**Q** 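Please see the structure below; I have some questions.
These numbers were taken from a predicted model, which means no experiment stands behind them.
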Amino acid sequence: MKNTQLSKKVGKLLFSINSQCILAECALWNESEQIIYWVDIIGAKIQRYCPRTHGVETFDMPYRIGCFSFTPIKNEIIAAFDIGIARYNLVTKQLEWLAQPEKNIKTNRFNDGRTDRQGRFWAGTMNESVANDDNNLDNIVLGNLYCLDANKQCDAKVLNVSISNGLCWSKDGKTMFHADSIKRTISAYDFDTHTTQLSNKRVFATTQGHRFPDGAIVDSEDYLWNAHWGASQVVRYNPKGKIDLVLDMPVSQPSSVAIGGPQMDWLIVTTAKHSLAPERLMIEPQSGNIFIYQLHGIEGVVEPVCVI
């Protein structure tokens with residue numbers, strides 16, 4: 001039976017993973033392995049959960065890690081560590097630096113990133129002195145969004161970003177979405193899939209108050225899901241940037257989203273306890289855990305692997 005719009009919703013919480021990360025981010029579903037991955041940026045680790053065995057594996061990283069993408073080689077990733085982008089093997093721990101464009105800017109680190117539909121790796125930097133307001137952006141070195149291509153050429157594509165987040169592409173790869181969290185704005189760009197040129201920047205969606213757009217993903221209908229850090233919500237936007245669905249969560253800092261599972265109908269949400277006061281953690285003790293919800297009438301898109 002064909003799904004109707006009325007059947008499209010977020011269902012029950014299937015399960016949660018008691019990861020207790022400081023700053024979990026970069027939720028990813030590995031389709032070939034059927035495993036959920038995420039990072040703990042401040043904890044400097046990658047974790048993965050196998051739904052078949054209910055086991056969690058932890059891989060300590062040599063540096064803090066903002067994001068990563070899978071490659072065609074098992075256990076090999078392209079990682080955006082705090083000081084640069086590298087090829088890294090989770091098992092052998094072999095590391096090969098590919099680009100370190102801001103290595104000498106001590107205030108900046110890599111944050112959110114993703115592989116585009118053509119297999120290039122993108123990652124954005126942020127200035128760690130930026131707080132959750134837009135009153136202190138003067139006289140600091142802001143971050144940039146970089147693209148690393150198959151020739152290992154690393155170029156800045158979006159300049160002067162306070163906190164780079166929300167990077168994802170439409171299904172056809174011709175629209176790129178990117179958020180500047182402190183500016184509370186998700187922007188959309190026309191994306192040339194051959195040259196990576198960005199054009200026609202426009203506002204896709206904005207947030208207000210203590211609600212910051214964080215990690216994002218696009219589903220099979222080209223609707224965009226975004227974690228609203230500070231607001232206890234994950235929001236689904238239609239292709240025109242209007243709110244379609246809202247998921248209320250038991251924690252205040254959802255940080256990234258992915259869609260995966262055996263039928264590509266699980267909504268996977270990372271969360272964080274970073275910066276929460278002890279009294280707040282008593283109210284929301286599940287902060288830092290990973291939450292998996294059942295989707296109804298909505299499916300994800302298999303993420304491309306990085307081929308650089």
Side-chain angles (χ1 to χ4, degrees), residues 1-17 24-38 49-52 69-70 112 114-117 165-179 186 188 191 204-207 211 213-229 231-251 253-271 289-305:
M1 180 181 294
K2 185 177 181 179
N3 291 316
T4 66
Q5 185 62 35
L6 292 176
S7 69
K8 298 179 190 299
K9 64 179 183 179
V10 181
K12 67 177 182 179
L13 177 68
L14 293 174
F15 59 95
S16 62
I17 305 167
E25 283 275 10
C26 190
L28 289 173
W29 170 255
N30 188 305
E31 176 66 11
S32 62
E33 296 178 2
Q34 297 282 292
I35 288 177
I36 299 169
Y37 283 73
W38 65 94
Y49 171 84
C50 178
R52 297 184 303 277
S69 285
F70 304 114
D112 180 75
R114 188 175 299 279
T115 294
D116 67 22
R117 303 293 182 204
N165 262 317
L167 185 64
C168 57
W169 279 263
S170 58
K171 278 182 64 178
D172 64 9
K174 295 180 179 180
T175 303
M176 188 187 87
F177 301 94
H178 180 245
I186 304 172
F191 181 74
F204 177 76
T206 60
T207 60
R211 177 187 293 269
D214 207 323
I217 195 71
V218 169
D219 65 26
S220 63
E221 297 181 330
D222 264 333
Y223 282 52
L224 183 144
W225 296 77
N226 185 252
H228 282 196
W229 176 281
S232 305
Q233 290 181 339
V234 172
V235 175
R236 186 191 194 219
Y237 294 95
N238 71 21
K240 295 189 179 297
K242 304 300 182 183
I243 293 176
D244 175 66
L245 293 174
V246 176
L247 169 65
D248 292 312
M249 298 196 64
V251 295
Q253 295 180 161
S255 52
S256 74
V257 290
I259 299 177
Q263 306 301 319
M264 288 301 288
D265 60 357
W266 291 356
L267 179 66
I268 303 160
V269 186
T270 61
T271 69
N289 291 349
I290 315 302
F291 296 79
I292 293 86
Y293 295 87
Q294 179 66 60
L295 295 175
H296 296 282
I298 301 169
E299 295 181 354
V301 178
V302 175
E303 288 291 294
V305 297

**Q** When you compare the side chain of Val234 with that of Met249, does any pair of heavy atoms fall below 4.5 Å?
**A** yes
**Q** Report yes if the side chains of Val305 and Thr115 come closer than 4.5 Å at any heavy-atom pair, otherwise no.
**A** no
**Q** Would you call the rings of Phe15 and Tyr49 parallel, tilted or perpendicular if under 30° counts as parallel and over 60° as perpendicular?
**A** tilted
**Q** Do His296 and Ser7 have side chains that get closer than 4.5 Å, going by heavy atoms?
**A** no
**Q** Would Trp29 and Gln34 count as a side chain to side chain contact (heavy atoms under 4.5 Å, CB included) here? Give the steps.
**A** CA-CA 7 Å; Trp29 170 255; Gln34 297 282 292; 3.6 Å; yes
**Q** Over all heavy atoms of both residues, which pair between Ala227 and Ser256 is shortest? Give the atoms and the distance, please.
**A** CB-N, 3.8 Å
**Q** Taking all atoms of both residues into account, what is the closest heavy-atom pair of Ser255 and Glu25, and its distance?
**A** O-OE1, 3.0 Å
**Q** Which heavy atom of Ile292 sits nearest a heavy atom of Leu13, and at what distance?
**A** O-CD1, 3.3 Å
**Q** Using atom types as modelled and distance alone, determine if a side-chain donor or acceptor of Asp112 lies under 3.5 Å from a backbone N or O of Leu167.
**A** yes
**Q** Would a distance-only check, ignoring hydrogens and angles, find a side-chain to backbone donor-acceptor pair under 3.5 Å from Lys8 to Gly297?
**A** yes
**Q** Given 3.5 Å as the limit, does a donor-acceptor pair link the side chain of Thr270 with the main chain of Ala27, or not?
**A** no
**Q** Looking at every non-hydrogen atom in both residues, tell me the closest pair between Ala216 and Asn226 and how far apart they are.
**A** CB-ND2, 3.6 Å
**Q** Would you say Leu295 and Val10 make side-chain contact, with heavy atoms under 4.5 Å?
**A** yes
**Q** Mind checking whether Tyr223 and Leu245 have side chains closer than 4.5 Å, heavy atoms only?
**A** no
**Q** For Asp248 and Gln233, which heavy atoms make the closest approach, and how far apart are they?
**A** OD1-NE2, 2.8 Å
**Q** Is there a side-chain contact between Gln253 and Asp214, using heavy atoms and a 4.5 Å cut-off?
**A** no
**Q** Which pair of heavy atoms, one from Met176 and one from Phe191, lies closest together, and at what distance?
**A** N-CB, 4.1 Å
**Q** Phe291 versus Pro250: any side-chain heavy-atom pair under 4.5 Å?
**A** yes
**Q** Please verify the inter-ring angle class for Tyr237 with His228; under 30° counts as parallel, over 60° as perpendicular, anything in between as tilted.
**A** tilted
**Q** Any heavy-atom pair between the side chains of Gln294 and Asp265 that's under 4.5 Å?
**A** yes
**Q** May I ask you to decide whether Asp244 forms a salt bridge with Arg236, counting only side-chain N to carboxylate O separations under 4.0 Å?
**A** yes
